[in-house]
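For reference, the structure is listed below as C-alpha cells.
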Number of protein chains: 2
Amino acid sequence: MPQSDAGLDPAQEQGLVEAWDRAAAPAARRLMIAAVEAFAARGYHGTSTRDIADRAGLSPAGVYVHFASKEELFYRITLVGHQQTLRSALEAEAASGPAASAAERLRAVVAAQTAFEARHHTTARVIEYDLPCLSPEHFIEVNALRRQITAVVRGILADGVKSGEFDVPDVDGTALALLSMVTDVARWFPANSRQTPEQLGRLYADLALRMAAPHGTRAADAPGH
Amino acid sequence: MPQSDAGLDPAQEQGLVEAWDRAAAPAARRLMIAAVEAFAARGYHGTSTRDIADRAGLSPAGVYVHFASKEELFYRITLVGHQQTLRSALEAEAASGPAASAAERLRAVVAAQTAFEARHHTTARVIEYDLPCLSPEHFIEVNALRRQITAVVRGILADGVKSGEFDVPDVDGTALALLSMVTDVARWFPANSRQTPEQLGRLYADLALRMAAPHGTRAADAPGH
DNA sequence: ATCCAGTGTAAGCAATCGCTTAGCTCCGGT
DNA sequence: ACCGGAGCTAAGCGATTGCTTACACTGGAT
C-alpha cells in the first residue's frame, strides 16, 4: 500500500488533531478535538467558546488556560491540519519511488489525498471551509501551506507534460480543478457514498489520470494493483 | 453561444438575486443583495442583521418589515439561487438539441454550470457552503433541488454508458466528483485565475469529457467551436 | 376628510457572545 | 513545613446578538 497512514493511530482515524502533539497537555488536546467537532458541525462563528468547553468537559474559562483566544485555538487546528495534509501529499509522492513516472506519482498523490480527506473529513471540513475566519496574518501563513500542496500537483502535471507522458493544455487550471474535486470530498463524505476512503482514492486517482493522459494512452489500472 | 444568460441582466451579472422577482418590493431586493454580499464575506453566523440592514440602507428593524427572520431571508436566497442553478442546467441540456449526443450534452451542461458558478460566484458561495445553516425543513426542500441537479449529470453519464459513448465504471461517484469540481469554482473565483467564466467553462467541459470518454475516443474540441 | 395598509424608525428587551478577574485546589521542589 | 506555579472554576464584565414594541409617515381608496 503506497499511501501509508504515516503514524496515525488507526483507532483514532476519524480526526487529525487527535494524533498530533502527544506531549501537549491532555486538556489542550481535548479542547482541540472538541473544537474540531463543534466547528465542523456549526462553523467557526456558529460555535461558542462555551460549546467547546462543554464538549471538552471544562468550564467556559478553562479554554483560556490553554489558548489565548478562540481564534488561536482555530489557528492551531488549521495549522496542524494543513501540515499533516502537506506531509501526506509529499510522502505519497516520495513513496512512489525516485524513478516513478508522472502517472504513478499523480495516482499516488491523488489517491492519498482523497483517502485523507475522507478519513479525516471532520477536521478537513473545518480547515478547508472556515479558513477566512482566521486573522489576516494567520490566514497568510496557512495559505502558504495550501500553495505548497497545489505546487505538488502542478509539478507532477508539468513534469508529465514535459516528458510527453501527459497532455494538459492548462496545467494551472487542471491542477486547481483536480484539487477542487479532492478537497470537496470532505464536505459530503461519508453521505452519498458507501465506499471506503481507499476505494474513493482509487476512483479519484483514475479520474485524475483520465484528465491528464493524452488521447489514447490512458492506463486502465495502476501498476502493481 | 449555447448556454444563454437566461434573462439575466448583463449589467448585474455578478449576482443571482438581483435579477429575480422584479415585481417584489425594491427594499426586499436590496435586502437580499445586501445579505448575499454579507453572507459571502463573513458567512451566515458571522453576519448580523444590523450588517445587512446597513448595507441595504435601512434601520435594524427594517429587515423584519420584509422578512420574518434572518433564517427566512437566507432561505429565500438559497431557494432562488438553487432554482436558477437548476434552470441553467436544464436549459443548457435542452439547448444542445433533442438529438444531441451524450458528449454534447455533458459539454453543454458542464460549461454552463461552470460559467454560472464563476459569474455568480458571490451568490454561489453563499448557497453552496452555508447550507447547513438552514432550518431542517428548509434544508430538506433546498436539498431536493440539489439532487435534481445531480440527477441531470448522472443521467447524461448513464445515457452515454448505455449507448457506448462513455466509459464510466462508477456513474454516481463520477457525477459527484464532476460536480465537486464545478461547484468549487465559486469558492476561489476570480482569484488564481485570469480566465473569463466562459473560458473556464470550456476548460471544465473538456476535463469532464476526458473523465467520461472511453479509451482513445476523446474529442479534442467541441463540435461547432 | 378620513381611513388604512404598507413602509419605515427609535428604543429597547432578553439572551448570548468572547473574554477577564479573583480565588480555589493540587502537587512537586526545597 | 512551606512555597509557588499550573490547572481550573464561579462569577461577571461590556458588547453584541436576533428580534419586538410602539409609534410616525406616506399615498391612494372611500
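To find a chain, count down the sequence lines: A is the first, B the second, and so on, and within it residues start at 1.
Atoms CG and OG1, on A:Leu73 and A:Thr49 in that order, are 9.5 Å from each other to the nearest 0.5 Å. Distance NE2/B:His45 to CZ/B:Phe39: 10.0 Å, rounded to 0.5 Å. Interatomic distance, OG1 of A:Thr183 versus CD of A:Glu117, reported as 5.0 Å (0.5 Å rounding). Annotation: the span from A:Thr114 atom OG1 to A:Arg119 atom CZ amounts to 10.5 Å, rounded to 0.5 Å.
Each of C:dG8, D:dG12, D:dT17 was ranked by its minimum atom distance to the side chain of B:Arg50; first place goes to D:dT17.
Taking 4.0 angstrom as the limit, A:His66 places a side-chain polar atom (N or O) nearer than this to OP1 or OP2 of D:dC8. For C:dT16, the OP1/OP2 oxygens have no side-chain nitrogen or oxygen of A:Ser48 closer than 4.0 Å.
The interatomic distance linking A:Asp54 (CG) with D:dC8 (P) rounds to 15 Å, in whole Å. Taking atom CD of A:Glu72 as the reference point, atom P of C:dG18 lies 15 Å away to the nearest angstrom. Between B:Phe67 atom CZ and D:dG18 atom P the separation is 15 Å, expressed in whole Å. Atom NZ of B:Lys70 is separated from atom P of D:dT16 by 15 Å (rounded to the nearest Å). The CG atom of A:Leu73 sits 13 Å away from the C1' atom of C:dG18 (whole-angstrom rounding). Rounded to whole Å, atom P of C:dC19 lies 14 Å from atom CG of A:Asp51.
Consecutive pairing runs in DNA chain C reach the stem threshold at C:1-30 with D:1-30, where a stem means at least three Watson-Crick or G-U wobble pairs with distances under 3.5 Å.
Defined by atom type and a distance below 3.5 Å, a donor-acceptor pair is missing between the side-chain atoms of B:Arg202 and B:Gln199.
For residues 144-153 of chain A, the set of pairs meeting the salt bridge (Lys or Arg N to Asp or Glu O under 4.0 Å) definition, not counting sequence neighbours, comprises A:Glu128-A:Arg146.
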task: List the steps and the verdict of side-chain contact (heavy atoms from CB on, under 4.5 Å) for A:Val80 and A:Gln84.
output: CA-CA 6 Å; A:Val80 172; A:Gln84 298 259 28; 4.2 Å; yes
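The stretch residues 57-64 of chain A comes close to DNA chain C through A:Ala61, A:Tyr64, each having a heavy atom under 4.0 Å from the strand. Scanning residues 130-141 of chain A for heavy-atom distances under 4.0 Å to DNA chain D yields an empty list.
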Review item, side-chain donor-acceptor pairs of residues 130-142 of chain B, under 3.5 Å, at least two apart:
residue: B:Asp130; atom: OD2; partner: B:Tyr44; partner atom: N; Å: 3.0
residue: B:Ser135; atom: OG; partner: B:Glu71; partner atom: OE2; Å: 3.4
residue: B:Ser135; atom: OG; partner: B:His138; partner atom: N; Å: 3.3
residue: B:Ser135; atom: OG; partner: B:His138; partner atom: ND1; Å: 3.3
residue: B:His138; atom: ND1; partner: B:Glu71; partner atom: OE1; Å: 3.2
residue: B:His138; atom: ND1; partner: B:Glu71; partner atom: OE2; Å: 2.9
residue: B:Glu141; atom: OE1; partner: B:Tyr75; partner atom: OH; Å: 2.7
residue: B:Glu141; atom: OE2; partner: B:Tyr75; partner atom: OH; Å: 2.9

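For B:Lys70 (side chain) and B:Val63 (main-chain N/O), no donor-acceptor pair under 3.5 Å exists by modelled atom type.
By the 4.5 Å heavy-atom criterion applied to side chains, A:Met32 and A:Phe67 are counted as neighbours.
Legend: residues meeting salt bridge (Lys or Arg N to Asp or Glu O under 4.0 Å) with A:Arg55, ordered by chain and number and at least two apart, are A:Glu37.
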